[in-house]
Amino acid sequence: MIKTATFEALLADAQPDGQGGYIFRLEGKTYQIKDTLEISKIAQDHGYIVIY
């Protein structure tokens with residue numbers, strides 16, 4: 001199965017954590033990230049093709 005997502009849609013799922021970073025959730029997993037640019041790598045690790 002091919003999974004695609006726009007970066008903007010993924011970015012909408014990143015919530016500020018109150019400490020300068022973000023909490024990002026994808027497919028039931030939660031990630032603590034420092035920069036929203038990490039979202040692309042996480043999505044790719046889940047098998048997504050990210051569209052910019």
Side-chain angles (χ1 to χ4, degrees):
M1 171 174 40
I2 297 173
K3 299 184 279 187
T4 61
T6 64
F7 182 73
E8 291 82 12
L10 293 168
L11 186 59
D13 290 332
Q15 302 299 317
D17 66 2
Q19 299 175 9
Y22 298 89
I23 297 172
F24 176 67
R25 293 179 181 88
L26 184 63
E27 296 184 334
K29 293 188 178 183
T30 302
Y31 299 90
Q32 183 74 33
I33 59 176
K34 293 183 180 184
D35 191 313
T36 56
L37 295 177
E38 296 176 61
I39 291 172
S40 294
K41 173 72 168 106
I42 294 168
Q44 289 170 354
D45 289 347
H46 279 261
Y48 281 83
I49 296 171
V50 180
I51 302 167
Y52 296 92

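Numbers for residues simply follow the sequence, beginning at 1.
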Shortest non-hydrogen contact between His46 and Glu27, atoms and distance: ND1-OE1, 2.7 Å
Set of salt bridge (charged side-chain N to carboxylate O under 4.0 Å, His left out) partners for Asp45, sequence neighbours left out: Lys41
Tyr22, OH: over 12 other non-hydrogen atoms inside 6.0 angstrom: no
Thr36 OG1 to Leu11 CG distance, which is reported to the nearest 0.5 Å: 5.5 Å
Full working for side chain to side chain contact (heavy atoms under 4.5 Å, CB included) between Asp13 and Leu26: CA-CA 8 Å; Asp13 290 332; Leu26 184 63; 5.6 Å; no
For Ile51 against Glu8, the heavy-atom pair lying closest together: O-OE1, 4.4 Å
Lys34 atom NZ: more than 12 heavy-atom contacts under 6.0 Å: no
Heavy-atom pair of closest approach, residues Ile33 and Phe24: CD1-CB, 4.1 Å
Ile2 CD1 to Ile49 CD1 distance, which is reported to the nearest 0.5 Å: 5.5 Å
Interatomic distance, Tyr48 atom OH to Thr4 atom OG1 [nearest 0.5 angstrom]: 8.5 Å
Nearest-0.5 Å distance, OH of residue Tyr31 to CD of residue Glu38: 11.5 Å
Shortest non-hydrogen separation from Ser40 to Val50 and the atoms involved: O-CG2, 4.1 Å
